[in-house]
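By convention in this document, chain letters (A, B, ...) are assigned in the order of the sequence lines, proteins followed by strands, and residues within each chain are numbered from 1. Not measured: the values here are computed from a predicted model.
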Number of protein chains: 2
Amino acid sequence: MATMQRMQTTGLELFYAKGYYNTSVDDILKKLELSKGAFYYHFDSKEDFFVQIIQNLLARKVYSSLIEPIEGHENPLTLITNCFDEAMETAVHNEMDFGCILSNFLTEFNGKNEVIMYHLNEIVTVWEVNLISALQKGKFNGYLDRHVDCEAVATFLMSSYFGVRILMTGLSPSAKKYRFMTQLRQYFKSIEAKPITV
Amino acid sequence: MATMQRMQTTGLELFYAKGYYNTSVDDILKKLELSKGAFYYHFDSKEDFFVQIIQNLLARKVYSSLIEPIEGHENPLTLITNCFDEAMETAVHNEMDFGCILSNFLTEFNGKNEVIMYHLNEIVTVWEVNLISALQKGKFNGYLDRHVDCEAVATFLMSSYFGVRILMTGLSPSAKKYRFMTQLRQYFKSIEAKPITV
DNA sequence: GAGTCAACAGACTAGGCGGTCTGTTTAAGT
DNA sequence: ACTTAAACAGACCGCCTAGTCTGTTGACTC
């Protein structure tokens, strides 16, 4: 049981760092000092292995870092700002940052593996749904302007976050983060509830 | 000479659709009905082949679709809006859209191949520089608010574009595009030159 | 018409890949 | 003590991959 978890943890590490297709089962087993027998005792195939990683590790990771932090009753724009800030700060401090795990896998498997894409898209949908409902709640509570299209805002936010994580893998990630955050705040200012013009 | 171009064109097609590591030299040669001898007569290696594709095809593609359209003297916010709109419209009409080519390769090679990453980042930098200068020119010409940080805007724009192209590979790309564009316009409104309050 | 060389063809190799299969160990049950 | 089976170990297989190497073709020269 502990072995299964170790396999999945190092599996995700290596898949994230080197990509799924570029990481062999032997690579993972070598790092764990385990054998082929151990792997295929616990998992049916490499694909089955990865699907379980998605459900057990990736889904929880996305939830704890991107969904749970925006579930409060405060201003959703503030919550999202802090959530993105923290997520990006983790990336900045991680010397081996390869971008957003979810977005990387979406890119790698798009058009190549329908089964895996299905599970990945499920996570994306959960994130989207939670973002939208957080925004709608914020609109109801008077934090957002009445005319704001919450679904559109969610799409825009997800896009920009996926994208900035790609850019942050390049030069000066902390500068990229700072610039991104200033413009996010600028954007948020434009959709927040307008004070009643007296 | 014509063979080299055919190789590069189909090479980019397949690399884009299936990924670099997931596309074998034989795959490309099979589609072209050519032999190993032909390939290694024209190119030193698979990596050399790809670097040439980047410089000959990818760089031009990015230039013609993302840089050249924003080089005019009009309002840069309008130019960028139309540029993104058109680029995304092409993606919507492409039944086999796998996202932004540049962003996909950035994701695939990040941390895996320094040589290729160098050439990819060169293209990113060119795009960034041109975006910034277009915005600065727009600021000088009174289209943008005086307090706008052009570098930050460029980072934000590149992020959001990379990201939305990923989302658009999922469900209802045209809806994603529409929502994205509404929020882009919203954001642009917040950084455009403010009319003098009388 | 003999020589030359660019532009290929295709057999070949060494290594890596996912996956299989036959063991072996170890601990618990009876 | 004997059985049973979970949890592995590791040799093995067929296939694929980047890259090599020895040819062959056909146009062009002199």
Which side-chain N or O atoms in residues 66-78 of chain A pair as donor and acceptor under 3.5 Å with protein atoms at least two apart or in another chain?
| from | atom 1 | to | atom 2 | distance (Å) |
| --- | --- | --- | --- | --- |
| Glu71(A) | OE1 | Tyr63(A) | OH | 3.3 |
| Glu71(A) | OE2 | Tyr63(A) | OH | 3.2 |
| Asn75(A) | OD1 | Leu77(A) | N | 2.9 |

Compare side-chain N and O positions of His42(A) against OP1 and OP2 of dA6(D) and report whether any pair is under 4.0 Å apart.
no

Rounded to whole Å, how long is the line connecting atom CZ of Phe50(A) with atom P of dG18(C)?
14 Å

Applying side chain to side chain donor-acceptor pair (under 3.5 Å) to Gln8(A) and not counting sequence neighbours gives Asn56(A)

Any side-chain N or O of Ser45(B) below 4.0 angstrom from OP1/OP2 of dA18(D)?
no

Can you tell me the distance, in whole Å, between the NZ atom of Lys46(B) and the C1' atom of dT20(D)?
17 Å

Quick one: does Asn110(A)'s side chain have a donor or acceptor within less than 3.5 Å of a partner on Leu106(A)'s backbone?
no

In whole angstrom, give the distance that lies between atom CZ of Phe39(A) and atom P of dA6(D).
19 Å

What residues, two or more places apart in sequence or in another chain, satisfy side chain to side chain donor-acceptor pair (under 3.5 Å) together with Glu47(B)?
Asn113(B)

Nucleotide by nucleotide, nucleotides 10-15 of chain C touches protein heavy atoms under 4.0 Å in the pattern (B base, S sugar-phosphate only, - none) BB----

Give every residue pair that meets the salt bridge (charged side-chain N to carboxylate O under 4.0 Å, His left out) criterion with at least one member in residues 8-27 of chain B, sequence neighbours excluded.
Glu13(B)-Lys31(B), Lys18(B)-Asp27(B), Asp26(B)-Lys36(B)

Taking only residues two or more places apart in sequence, or in another chain, which ones meet Thr90(B) in a side chain to side chain contact (heavy atoms under 4.5 Å, CB included)?
none

Scan residues 90-105 of chain A for pairs that pass salt bridge (charged side-chain N to carboxylate O under 4.0 Å, His left out), counting only residues two or more places apart or in two chains.
Asp97(A)-Arg165(A)

Pairs in or reaching into residues 146-159 of chain B: which pass salt bridge (charged side-chain N to carboxylate O under 4.0 Å, His left out), with residues at least two apart or in two chains?
Arg179(A)-Glu151(B)

Report yes if a side-chain nitrogen or oxygen of Tyr41(B) is closer than 4.0 Å to either non-bridging phosphate oxygen (OP1 or OP2) of dC8(C); otherwise report no.
no

Name every residue in residues 12-34 of chain B that has at least one heavy atom under 4.0 Å from any atom of DNA chain D, in order of residue number, or write none if there are no such residues.
Thr23(B), Ser24(B), Val25(B)

Please report, rounded to the nearest Å, how far the P atom of dA18(D) is from the OH atom of Tyr40(B).
6 Å

